Structure formats: C-alpha cells, structure tokens
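For this chain, numbers begin at 1 and follow the sequence in order. Remember, it's a predicted structure, so these values are computed and weren't measured experimentally. Only heavy atoms go into these numbers, but all of them, side chains included; no hydrogens, no water, no symmetry mates. Remember, it's 1-based here, ligands and their atoms both numbered in the order they're listed.
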Amino acid sequence: LLPILNYPDPRLRTIATPVKKITDDIKTLITDMIDTMYDAQGIGLAASQVDQHIQLIVMDLSEDKDTPMVFINPKVTPLVEEKQPYEEGCLSVPDVYDKVDRPNKVRIEALDENGKEIDKEVEGLLAVCIQHEMDHLNGVIFVDYLSKLKQTRARDKVRKVIKIREKQEQD
Ligand SMILES: O=C(O)C[C@@H](Cc1ccccc1)[C@H](O)SCc1ccccc1
Ligand SMILES: [Zn+2]
C-alpha cells in the first residue's frame with residue numbers, strides 16, 4: 001500500500017506532468033494505487049495523492065469493487081454550463097465532507113493502462129469524481145472551493161484524525 005498525502009501537505013499542490021511512456025514501473029504504480037484506493041474505501045485516487053506527480057488517475061465506482069478504471073494523461077471538458085452541488089470527500093482530507101458545485105456532464109479523453117484511447121461522455125458521480133481527481137493533478141483540493149473558515153476547520157479536523165490514527169498504530 002502507498003502512503004496517502006494529507007491536506008495541507010504542500011506536495012499536494014504539485015502540478016502533475018504528462019506520462020510519456022507506459023513503463024512497467026507505471027503499471028506497478030497503477031496496481032499499487034488501485035489496492036491503496038480500495039484499502040482506503042475511496043472510489044478514486046490521483047497519483048498526486050501518493051506523491052507521484054504524473055497525470056494518472058484510478059477509479060472504481062462498482063458495487064463489488066472489481067471494475068477499476070485507469071485514466072492516463074486525462075483531459076476533461078464540461079458538456080453543460082449548469083453546475084450541481086455534490087457532497088464531496090477526499091482521501092487526503094479525511095472525515096471532511098462538504099458541497100462542491102461542478103458541471104454534471106463532462107467529456108473524458110485519456111489513455112487506458114494499455115495506451116488505448118478513451119473518449120467518452122459521463123455524468124453523475126462519475127463526472128463528479130473525474131473532475132475531483134483532475135483537480136488533484138492540477139494541485140487543487142476540494143476544500144479550496146470552501147470558505148476560509150471551513151478550510152481552517154478542515155485543517156484542524158485532519159490534524160486530529162491523523163493524531164488518532166498515529167495513536168492507533170502504536171496500540
Ligand atoms: O480523490 C479522492 O480523494 C477520492 C475521493 C473521490 C471522490 C470525491 C468526491 C466525490 C466522489 C468521489 C473520495 O474520497 S472517494 C470516497 C467517496 C465515495 C463516494 C462519494 C464521496 C466520497
Ligand atoms: Zn481527493
């Protein structure tokens with residue numbers, strides 16, 4: 001499993017660079033990210049969150065957690081002007097959930113783990129999640145969209161959760 005960076009770690013603000021070649025190392029990273037995502041009960045994970053600053057996202061919205069999707073060098077284009085709120089969370093900001101407005105339908109262009117072109121239109125949770133992950137690749141975290149007060153509360157909350165987790169690890 002890979003360690004997930006926690007907000008407000010400055011490394012989360014790094015801009016991810018494009019993947020030039022899908023090497024065996026990248027294929028290993030993809031497998032490790034998928035395992036890490038499942039272990040953390042996430043439905044998405046961006047490489048930035050595991051301190052690997054390349055344009056790579058893994059997602060799995062399936063019930064049985066057996067349909068992982070891989071997006072390499074993704075490009076997301078909104079297909080509607082109208083934005084809708086969704087209660088978002090983030091594996092890098094544990095136990096913090098709040099509404100974020102995003103377009104509900106987007107086009108995703110990317111490569112899959114075999115370098116095959118992906119070009120599809122998605123909506124709903126899949127659209128929300130891919131935009132949330134794309135933000136990570138651009139150094140943006142969903143709390144950035146919230147008020148300063150909520151950002152301060154999020155920092156305090158994460159600090160507490162991390163302390164509890166560290167204590168649990170000792171016990
Ligand atoms: O990037 C991450 O940190 C994983 C995110 C992905 C996500 C964020 C907002 C909305 C949907 C997905 C989450 O931690 S995955 C946990 C989760 C699952 C369902 C709904 C919201 C959050
Ligand atoms: Zn996130």
For atom 10 (C) of ligand 1, what is the closest protein heavy atom, and at what distance to 0.1 Å?
Val128 CG1, 3.9 Å

Begin from the C-alpha positions of Leu2 and Leu29 and carry the test side-chain contact (heavy atoms from CB on, under 4.5 Å) through to its verdict.
CA-CA 9 Å; Leu2 304 169; Leu29 174 61; 3.9 Å; yes

Decide if atom CG of Asn114 counts as having more than 12 heavy atoms of other residues, nucleotides or ligands within a radius under 6.0 Å.
yes

Using a 4.0 Å cutoff against the non-hydrogen atoms of His136, which atoms of ligand 1 qualify?
1 (O), 3 (O)

At what distance is the nearest protein heavy atom to atom 16 (C) of ligand 1, and which residue and atom is it?
Gln41 O, 3.9 Å

Take atom CD of Glu87 as the centre, draw a 6.0 Å sphere, and report whether it contains more than 12 heavy atoms from other residues, nucleotides or ligands.
yes

Report the C-alpha separation of Ile43 and Leu125 in whole Å, then their side-chain angles, then the decisive distance to 0.1 Å, and conclude whether the side-chain contact (heavy atoms from CB on, under 4.5 Å) test is met.
CA-CA 10 Å; Ile43 59 173; Leu125 181 56; 3.8 Å; yes

What atoms of ligand 1 come within less than 4.0 Å of a heavy atom belonging to Gly42?
15 (S)

Identity and separation of the nearest protein heavy atom to atom 3 (O) of ligand 1
Leu91 N, 2.7 Å

Qualifying residue, where the test is side chain to side chain contact (heavy atoms under 4.5 Å, CB included) with Met69 and the options are Asp112, Ile108, Ile130, Leu61:
Leu61

At a 4.0 Å threshold, what atoms of ligand 1 neighbour a non-hydrogen atom of His132?
1 (O), 2 (C), 3 (O), 8 (C), 9 (C)

Are Asp156 and Arg159 ion-paired here, with the side-chain N under 4.0 Å from a carboxylate O?
yes

For ligand 1, is Ile43 a contact, meaning one of its heavy atoms is under 4.0 Å away?
yes

Any atoms of ligand 1 less than 4.0 Å from a non-hydrogen atom of Cys90? List them with their elements.
3 (O), 14 (O)

Would Met59 and Tyr86 show up in the same hydrophobic cluster when neighbours are defined by side-chain heavy atoms closer than 4.5 Å?
yes

Among the clusters formed by ILVMFWY side chains lying less than 4.5 Å apart, do Tyr97 and Val93 turn up in the same one?
no

What are the two closest non-hydrogen atoms of Val70 and Leu56, and how far apart are they?
CG1-CD1, 3.8 Å

Decide yes or no on side-chain contact (heavy atoms from CB on, under 4.5 Å) for Ile164 and Val161, but give the supporting numbers first.
CA-CA 5 Å; Ile164 293 166; Val161 170; 5.6 Å; no

Counting non-hydrogen protein atoms only, what is the nearest one to atom 8 (C) of ligand 1? Give residue, atom name and distance.
Gly89 O, 3.1 Å

For atom 20 (C) of ligand 1, what is the closest protein heavy atom, and at what distance to 0.1 Å?
Tyr86 OH, 4.0 Å

Polar protein atoms (N, O or S) that approach the Zn ion (ligand 2) to under 2.8 Å
Cys90 SG, His132 NE2, His136 NE2

Decide whether the shortest distance between a heavy atom of Met59 and an atom of ligand 1 is less than 4.0 Å.
no

Residue from Glu82, Gln84, Glu123 passing side chain to side chain donor-acceptor pair (under 3.5 Å) with Asn104:
Gln84

For Cys129, atoms of ligand 1 separated by under 4.0 Å from a heavy atom
6 (C), 12 (C)

Heavy-atom contact check, 4.0 Å cutoff: does Leu125 meet ligand 1?
yes

Report, as yes or no, whether the 6.0 Å neighbourhood of atom NZ on Lys83 holds more than 12 heavy atoms from other residues, nucleotides or ligands.
no

Show the atoms of ligand 1 that are less than 4.0 angstrom away from any heavy atom in Gln49.
1 (O), 2 (C), 3 (O)

Can you list the residues that meet the salt bridge (charged side-chain N to carboxylate O under 4.0 Å, His left out) rule with Asp51, with sequence neighbours excluded?
Arg11

Could you please spell out the steps behind the salt bridge (charged side-chain N to carboxylate O under 4.0 Å, His left out) verdict for Asp98 and Arg153?
CA-CA 12 Å; Asp98 216 316; Arg153 286 201 187 130; over 6 Å; no

Distance to 0.1 Å, residue and atom name: give those for the protein heavy atom nearest to atom 6 (C) of ligand 1.
Glu133 OE2, 3.3 Å

Relative to the heavy atoms of Gly44, which atoms of ligand 1 are at a distance of less than 4.0 Å?
1 (O), 2 (C), 4 (C)

